[in-house]
Amino acid sequence: QDLLDENKRLERKSGEDLQMEQNREKLNDQAQAEKDNADAMKELAEQMENIFKEASKNGAIDPSTMKMLAESALEMKEMAKQAMPEIEAKIRESQSLESTAQKAKDDISNAVKKQSELLKQMEDTIQKASEANKQLEAGTFINRLRKAAGDQEEIANKHIEVVNTPHEQDISILGNEFSQLDPSDQRRMFEIFTLQEQTAEDVRWIKEDLGHFYSRTQQEHHKELLEKMRNSKIDDQMELMMVLIEKNNNGRAIDNAKRTAELIRKWASELESSTQKSKPAGGGQGGGGNSEDEDFEFMLKVMELIQQETNIRNRTRSLEQRRRLTSSPTVPNPKTIP
């Protein structure tokens with residue numbers, strides 16, 4: 001993404017400017033960085049293959065998870081072998097001494113186009129790998145709440161970083177429209193908006209799953225947390241956060257993200273404490289081996305049913321995420337907010 005930001009800056013220059021010595025040096029640096037990225041992607045693909053091999057030894061993992069892991073590993077390998085070297089080649093051609101001004105301009109434009117397509121493919125692969133990762137993790141409510149709190153903190157920190165980023169030109173995020181921002185700031189603000197949108201969905205799903213879980217188990221501490229989440233109007237707070245980000249209301253967005261992170265982490269800590277207290281102390285009374293075997297078999301069947309229910313919900317949510325992504329604008333536009 002950083003390389004694409006710089007390539008877009010270079011694309012704004014004329015062909016004659018690209019042939020100036022200082023820009024040739026930038027293009028050469030870009031080409032080398034593309035090669036380094038391809039090497040890093042190759043290594044990442046190998047790591048993903050190793051994860052897949054280890055996961056294949058566990059027969060309890062859902063087949064759809066294995067499929068996503070395998071596809072992610074293959075896609076990463078293809079990126080490193082084909083797409084990324086093609087981008088490097090176009091950039092090297094653009095800074096060649098034998099290249100004309102028009103060809104240099106065309107080459108960098110082609111590199112930007114190919115790189116934009118590659119980033120979209122990377123995002124799809126990341127989403128696929130992330131879905132596989134979610135299914136591999138235990139997915140307890142405590143961990144999910146802590147992750148949501150961590151995401152809210154990340155949103156605040158990313159926002160602070162963007163606001164405080166120095167620029168060579170006086171194009172700060174404060175007081176400027178989205179179209180006027182530096183490409184890196186545009187990209188990072190869209191990342192913040194997208195992360196906030198995803199975190200809001202995650203929190204809604206936690207609350208929904210908690211409701212289903214309580215209806216099955218009737219655990220009082222889950223009921224208490226569910227009521228706290230509903231009474232806090234956390235969904236409305238999440239929606240407000242997206243509006244603040246779109247309106248470029250940086251101060252309020254940062255404060256709200258921090259407060260929301262603290263609240264969600266508090267819920268996680270309270271649930272962890274309640275769960276520990278509710279665990280039964282001591283073992284059984286011994287004897288009755290056949291009864292214990294029957295109880296264990298029944299427990300396994302219940303666990304299998306719960307896993308099937310979770311898989312169905314995850315697939316439904318994946319489809320909903322894809323629908324929202326395809327129907328949403330490419331960038332949040334503050335002008336559209338009244």
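Residue numbers run from 1 in the order of the sequence given.
- Of all heavy-atom pairs between I254 and H159, the closest is CG1-CB, 3.7 Å.
- Closest non-hydrogen pair, I264 versus Q152, comes out as CD1-CG, 4.4 Å.
- Atom CG of D202 is separated from atom NZ of K147 by 5.5 Å, given to the nearest 0.5 angstrom.
- Residues meeting the side-chain contact (heavy atoms from CB on, under 4.5 Å) test with E154, sequence neighbours left out: D151, K158, L195.
- Remark: side-chain polar atoms of E49 are not paired, donor with acceptor, to backbone N or O of L74 under 3.5 angstrom.
- Electrostatic pairing of R187 and E191 counts as a salt bridge here, judged by a charged N lying under 4.0 Å from a carboxylate O.
- Contact record, L263 with S232: CD2-CB, 4.3 Å, taken as the closest heavy-atom pair.
- Residues passing the side-chain hydrogen bond (donor to acceptor under 3.5 Å, both in side chains) test with K207 are D235, sequence neighbours excluded.
- The backbone N or O of S94 lies less than 3.5 Å from no partner atom in the side chain of K105, so there is not a single donor-acceptor pair.
- Checked against side-chain hydrogen bond (donor to acceptor under 3.5 Å, both in side chains), N256 has the following partners two or more places apart in sequence or in another chain: R259.
- In this structure, T125 and M76 have side chains that are in contact, with non-hydrogen atoms separated by less than 4.5 Å.
- For CD of Q82, the number of neighbouring non-hydrogen atoms (other residues, nucleotides, ligands) closer than 6.0 Å is 12 at most.
- Shortest non-hydrogen contact noted between Q196 and M238 is NE2-SD, 3.1 Å.
- The shortest side-chain heavy-atom distance between D39 and K35 falls under the 4.5 Å cut-off.
- K26 contributes no side-chain N or O that, together with a main-chain N or O of L10, makes up a donor-acceptor pair within less than 3.5 Å.
- Every residue was checked against the side-chain hydrogen bond (donor to acceptor under 3.5 Å, both in side chains) condition with T100, not counting sequence neighbours, and none meets it.
- Using a cut-off of 4.0 Å between Lys/Arg side-chain N and Asp/Glu carboxylate O, R204 and E239 are scored as salt-bridged.
- Looking only at side-chain heavy atoms (C-beta outward), M229 and V203 come within less than 4.5 Å of each other.
- Remark: R265 engages E153 in a side-chain hydrogen bond (donor to acceptor under 3.5 Å, both in side chains) (not counting sequence neighbours).
- Taking the side chain as every heavy atom from C-beta outward, N37 and I87 never approach each other to under 4.5 Å.
- Residue pairs meeting the salt bridge (Lys or Arg N to Asp or Glu O under 4.0 Å) criterion with at least one member in residues 219-228, sequence neighbours excluded: K228-E270.
- To the nearest 0.5 angstrom, M84 atom CE is 8.0 Å from L3 atom CG.
- You'll find the side chain of I206 stays beyond 4.5 Å of the side chain of W267, heavy atoms only.
- Inspection of the D106 and Q102 side chains reveals an N or O donor paired with an N or O acceptor under 3.5 Å.
- Shown here for E11 and I108, the closest heavy-atom pair between the two residues is CA-CG2, 4.2 Å.
- Here the side chain of S99 pairs no donor or acceptor atom with the backbone of S96 at under 3.5 angstrom.
- Side-chain atoms of R12 and P183, non-hydrogen and from C-beta on, do get closer than 4.5 Å to each other.
- Taken from CD in E123 to OG1 in T194, the straight-line distance is 8.5 Å, to the nearest 0.5 Å.
- Between atom CD of residue E201 and atom CH2 of residue W205 there is a gap of 4.5 Å, rounded to the nearest 0.5 Å.
- At distances below 3.5 Å, at least one donor-acceptor pair connects side-chain atoms of Q95 with backbone N or O atoms of R92.
- Within a 6.0 Å sphere centred on NZ of K103, other residues, nucleotides and ligands contribute more than 12 heavy atoms.
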Start with the C-alpha gap between R144 and D209, add the side-chain angles, then the distance that decides, and say whether side-chain contact (heavy atoms from CB on, under 4.5 Å) holds. CA-CA 11 Å; R144 289 168 68 185; D209 290 346; 2.8 Å; yes
Checking side chain to side chain donor-acceptor pair (under 3.5 Å) for the pair T260/Q237: CA distance, chi angles, key distance, verdict? CA-CA 8 Å; T260 305; Q237 290 297 319; 5.2 Å; no
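- L4 CG to K114 NZ: the interatomic distance, rounded to the nearest 0.5 Å, is 14.0 Å.
- The pair E46-K42 does not count as a salt bridge, with every side-chain nitrogen at least 4.0 angstrom from each carboxylate oxygen.
- Looking only at side-chain heavy atoms (C-beta outward), R9 and S184 come within less than 4.5 Å of each other.
- Remark: the backbone N or O of K13 is not paired with any side-chain donor or acceptor of D17 at under 3.5 angstrom.
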Apply side chain to side chain donor-acceptor pair (under 3.5 Å) to the pair Q30 and E88, showing each step before the final yes or no. CA-CA 8 Å; Q30 287 292 99; E88 177 196 351; over 6 Å; no
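- A pairwise comparison of heavy atoms in A156 and A257 identifies CB-CB, 3.9 Å as the closest pair.
- Here I245 contributes atom CD1 and F193 contributes atom CZ; the two are 7.5 Å apart, rounded to the nearest 0.5 Å.
- Heavy-atom neighbours of Q32 CD from other residues, nucleotides or ligands within 6.0 Å: above the threshold of 12.
- Residues L44 and Q47 form a side-chain contact, since some pair of their non-hydrogen atoms from C-beta on lies under 4.5 Å apart.
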